[in-house]
Engineer: 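Quick one: the structure is below, questions incoming.
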Amino acid sequence: MISENSRLGADFFRRDAVVIAHELLGKKLVRVFPGGQTKGYRITETEAYCGQEDLACHASKGLTKRTAVMFEPGGLVYVYLIYGQYWMLNFVTGVAGDASAVLIRGLEGFDGPGKLGRELQLDGSFYGENLQTSTRLWLENAPPVPEYHSSPRIGIHYSGEPWSSKPWRFSVQGQ
DNA sequence: AAGACGATCCTG
DNA sequence: AGGATCGTCTTT
């Protein structure tokens, strides 16, 4: 029996990616695995990617097959394969056309976007997954964390200033 | 049709 | 410090 607390609704996601990125800290990510085992994970680290003008955001390349979901309204999953090995988990944010998203970089016990993707057994079938209606991946509300830390995003040196130094990476204190 | 390059991680 | 590994995008 799955006990579902308050699932985060569409309104939560249809806002600014930077606000959502730090509000997601401490929230509970729920995964129902094939076979039925269900696990919940507290989010510990995130990064915001803010639309077509943000040269670190994949959507800055325009609307392509890969980035199309980012142009949808917030509340969908954006996954992509990096280095041929790791599925990266993002949630689309903002209203239609904002082309923004939040990357989940850390879960409690699973530090690093590649490692958490492996733990969650992500694959390309999660592209476009609806967090409102999905029966295998969603988010539940939880109290805000008392303190968080912000710093520049990782691995986006190529985007140049000012994007490479925007403090849009958020982590719970002590992580 | 072919080449370059990652929002990473692991090993030596 | 360097290799794994492959989908996407750019260039021919």
Engineer: Look at the side chain of A/K115 and decide which nucleotide, out of B/dT8, C/dC9, B/dC10, has an atom nearest to it.
Structural biologist: B/dC10
Engineer: Is the gap between the ring centers of A/Y49 and A/H58 under 6.0 Å?
Structural biologist: no
Engineer: Rounded off to whole Å, could you give me the NZ-to-C1' distance for the A/K65 and C/dC6 pair?
Structural biologist: 14 Å
Engineer: Could you let me know what C/dT5 is paired to, Watson-Crick or G-U wobble, both distances under 3.5 Å, or none if it's on its own?
Structural biologist: none
Engineer: Roughly, in whole Å, what's the span from CE in A/M88 to P in B/dC9?
Structural biologist: 7 Å
Engineer: What I want to find out is whether A/R15 reaches A/D98 closely enough, with some N-O distance under 4.0 Å, to be called a salt bridge.
Structural biologist: no
Engineer: CD1 of A/I82 versus P of C/dA4: gap in Å, rounded?
Structural biologist: 17 Å
Engineer: With respect to the side chain of A/Q85, which nucleotide from B/dT8, C/dT5, B/dG6 is positioned closest?
Structural biologist: C/dT5
Engineer: Is any side-chain N or O of A/Y86 closer than 4.0 Å to OP1 or OP2 of B/dC10?
Structural biologist: no
Engineer: If only side-chain N and O atoms of A/R105 are considered, is one of them under 4.0 Å from the OP1 or OP2 phosphate oxygen of B/dT8?
Structural biologist: yes
Engineer: So, is A/R118 close to the B/dC10 phosphate, meaning a side-chain N or O under 4.0 Å from OP1 or OP2?
Structural biologist: yes
Engineer: What is the nucleic acid contact for A/G84, judged by heavy atoms within less than 4.0 Å: base, sugar-phosphate only, or nothing?
Structural biologist: base
Engineer: Which nucleotide, C/dC9, B/dA7, C/dA4, lies nearest any side-chain atom of A/Y80?
Structural biologist: B/dA7
Engineer: Paired with B/dA7 by Watson-Crick or G-U wobble geometry, both distances under 3.5 Å: which nucleotide is it?
Structural biologist: none
Engineer: Any idea how A/Y148 and A/H22 line up, ring-wise: parallel (<30°), tilted (30 to 60°), or perpendicular (>60°)?
Structural biologist: parallel
Engineer: I'd like to know if A/E140 pairs up with A/K27 as an ion pair, taking the criterion as any Lys NZ or Arg NE/NH1/NH2 lying under 4.0 Å from an Asp or Glu carboxylate oxygen.
Structural biologist: no
Engineer: Looking at the side chain of A/T64, which of B/dA7, C/dC9, B/dC9 is the nearest nucleotide?
Structural biologist: C/dC9
Engineer: Please report the distance, rounded to the nearest Å, between CG in A/L116 and P in B/dC9.
Structural biologist: 8 Å
Engineer: Any base atoms under 4.0 Å from A/G117, or only sugar-phosphate, or nothing? Heavy atoms, all strands.
Structural biologist: nothing
Engineer: Is the NZ or CZ atom of A/R136 positioned over A/F33's six-membered ring, under 6.0 angstrom from the centre and within 45° of the axis?
Structural biologist: no
Engineer: Can you tell me the distance, in whole Å, between the CZ atom of A/F110 and the C1' atom of B/dT8?
Structural biologist: 17 Å
Engineer: Give the nucleotide from the list B/dT8, B/dC9, C/dG7 with an atom nearest to the side chain of A/I154.
Structural biologist: B/dT8
Engineer: Taking the side chain of A/L81 as its heavy atoms from C-beta onward, which of C/dC6, B/dC9, C/dT5 lies nearest to it?
Structural biologist: C/dC6
Engineer: With the six-membered base ring of B/dT8 as reference, does the ring of A/Y83 sit under 5.5 Å away with planes under 30° apart?
Structural biologist: yes
Engineer: Looking at A/R31 and A/E119, is there a salt bridge between them, counting it only when a charged N and a carboxylate O are closer than 4.0 Å?
Structural biologist: no
Engineer: In this structure, how many angstroms lie between the P atom of C/dC9 and the NE2 atom of A/H58, rounded?
Structural biologist: 10 Å
Engineer: How long is the line joining CG of A/D111 and P of B/dC10, in whole Å?
Structural biologist: 11 Å
Engineer: Quick one: A/R66 CZ to B/dC5 P, roughly how many Å, whole number?
Structural biologist: 15 Å
